[in-house]
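To keep things clear, I will list the structure first and then write my remarks on it.
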Amino acid sequence: DELHQLDINEVRWRRVETRGAIPTGRSAAAICSVKGKLLLMGGYSPLALERKHLQAEYKEDTYSKGKEQNNELFEFDPQEGCWSSLCVAGSRPSPRQGHTLTAVDEKKAVLFGGFNGDKELNDLWLLDVERKAWTHITPSSPLWPQPRVHHTV
């Protein structure tokens, strides 16, 4: 649950002091930058005692008892040093870890794949940051990628 920043000139890491709805510690989450803010989605963590995200879903891992995937969506404003949970309209991706979240322009990011605790995924979602809405992208080609986890874009 800590955030660190790399100073490229000094080649040194420093811890960033944050406030707000700070996400719980997690691994295999996805993060990207859209319009100068960081978006953090999902991940894998110990079963949460305190849930900070009212809209999120949580799925206990079939293989690792005491761990769970989630579909929490947070935004970090580096100018303010503040985390906030994002509430989105309509449907949203299922809880997962090991997925990618990639900015495609100043308003949107795409999420692909991951692992939901039972199986690897190959679904694709578009997040419109301004409208705060997810859209599921349905495959229109037989060349759709196979399910995958811990990949990069």
Side-chain angles (χ1 to χ4, degrees), residues 1-8 12-137 148-153:
D1 58 354
E2 294 179 358
L3 182 65
H4 291 80
Q5 178 181 36
L6 175 63
D7 182 319
I8 295 174
R12 191 187 316 185
W13 288 97
R14 71 172 183 84
R15 183 173 177 198
V16 178
E17 294 299 321
T18 63
R19 59 186 175 82
I22 300 169
T24 56
R26 65 195 62 213
S27 62
I31 195 165
C32 73
S33 175
V34 174
K35 221 171 191 176
K37 296 182 180 178
L38 297 178
L39 297 175
L40 172 73
M41 192 280 182
Y44 185 62
S45 60
L47 291 173
L49 297 176
E50 176 187 356
R51 301 254 161 74
K52 295 186 178 182
H53 202 294
L54 299 176
Q55 268 193 332
E57 299 170 55
Y58 302 85
K59 183 177 187 309
E60 189 167 354
D61 194 297
T62 306
Y63 304 101
S64 301
K65 297 300 178 200
K67 304 274 187 177
E68 67 184 357
Q69 280 76 223
N70 68 71
N71 64 352
E72 296 174 326
L73 180 62
F74 289 92
E75 179 180 78
F76 179 72
D77 183 335
Q79 300 300 318
E80 300 293 325
C82 189
W83 284 102
S84 57
S85 60
L86 290 184
C87 292
V88 294
S91 62
R92 59 189 157 275
S94 61
R96 65 191 62 216
Q97 52 116 339
H99 51 290
T100 55
L101 184 64
T102 308
V104 292
D105 64 23
E106 287 295 308
K107 299 177 185 175
K108 296 181 177 81
V110 293
L111 177 144
F112 179 76
F115 181 72
N116 71 0
D118 295 317
K119 65 180 183 174
E120 293 179 355
L121 305 168
N122 70 335
D123 54 342
L124 181 67
W125 291 81
L126 178 70
L127 174 64
D128 185 317
V129 177
E130 286 189 347
R131 288 184 34 242
K132 303 225 181 341
W134 286 104
T135 302
H136 182 245
I137 307 298
R148 62 198 65 209
V149 64
H150 301 301
H151 52 285
T152 61
V153 174

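Keep in mind that what you see is a predicted model, and the values were worked out from it rather than measured.
Screening residues 18-37 for ring pair (Phe, Tyr, Trp, His ring centres under 6.0 Å) gives no qualifying pairs among residues at least two apart or on separate chains. Screening residues 28-39 for side-chain hydrogen bond (donor to acceptor under 3.5 Å, both in side chains) gives K35-E130 as the qualifying pairs, with residues at least two apart or on separate chains.
No donor-acceptor pair under 3.5 Å is formed between the side chain of D77 and the backbone N or O of C82.
In this structure, OG in S84 is found 11.5 Å from CD1 in I22, a value given to the nearest 0.5 Å. D128 contributes atom CG, which lies 8.5 Å from atom CG of D105 (distance to the nearest 0.5 angstrom). One finds the CZ atom of R14 at 9.0 Å from the CG atom of L3 (value rounded to the nearest 0.5 Å). The distance from the CG atom of N116 to the CG atom of L121 is 4.5 Å, given to the nearest 0.5 Å. Atoms CG and CH2, on L111 and W125 in that order, are 9.0 Å from each other to the nearest 0.5 Å. With values rounded to the nearest 0.5 angstrom, I8 atom CD1 is found 15.0 Å from R12 atom CZ.
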- Task: Check the pair N71, M41 against side-chain contact (heavy atoms from CB on, under 4.5 Å), reporting the backbone distance first and the verdict last.
- Result: CA-CA 6 Å; N71 64 352; M41 192 280 182; 3.7 Å; yes
- May I have the step-by-step check of side-chain contact (heavy atoms from CB on, under 4.5 Å) for L127 and L86, ending in yes or no? CA-CA 11 Å; L127 174 64; L86 290 184; 5.5 Å; no
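Within a 6.0 Å sphere centred on CG of L6, other residues, nucleotides and ligands contribute more than 12 heavy atoms. Around the CD atom of E2, the shell of radius 6.0 Å holds more than 12 heavy atoms that belong to other residues, nucleotides or ligands.
Side-chain contact between L101 and C32 is present, with heavy atoms from C-beta onward closer than 4.5 Å. Proximity of F76 to T18: side-chain heavy atoms (C-beta onward) are separated by under 4.5 Å at one or more points. Residues T24 and N70 have side chains not in contact (no heavy-atom distance under 4.5 Å, counting atoms from C-beta outward).
T102 pairs in a side-chain contact (heavy atoms from CB on, under 4.5 Å) with only one of the listed residues (V110, T152, V34), which is V110. Each of H99, H136, R96 was scored for a side-chain hydrogen bond (donor to acceptor under 3.5 Å, both in side chains) with D123, with one residue passing: R96.
Legend: residues meeting side-chain hydrogen bond (donor to acceptor under 3.5 Å, both in side chains) with T100, ordered by chain and number and at least two apart, are H151. The side-chain hydrogen bond (donor to acceptor under 3.5 Å, both in side chains) test applied to R15 returns no partner, not counting sequence neighbours. In this structure E80 satisfies the salt bridge (Lys or Arg N to Asp or Glu O under 4.0 Å) test together with R19, sequence neighbours excluded. Residues passing the salt bridge (Lys or Arg N to Asp or Glu O under 4.0 Å) test with R148: none are found, sequence neighbours excluded.
Scanning all heavy atoms of the two residues, the minimum distance from A21 to S85 falls at CB-N, 4.1 Å. Across all non-hydrogen atoms, the minimal contact from F115 to Q69 is O-CG, 3.7 Å. For the residue pair A29 and R26, the shortest heavy atom distance occurs at CB-CD, 3.7 Å.
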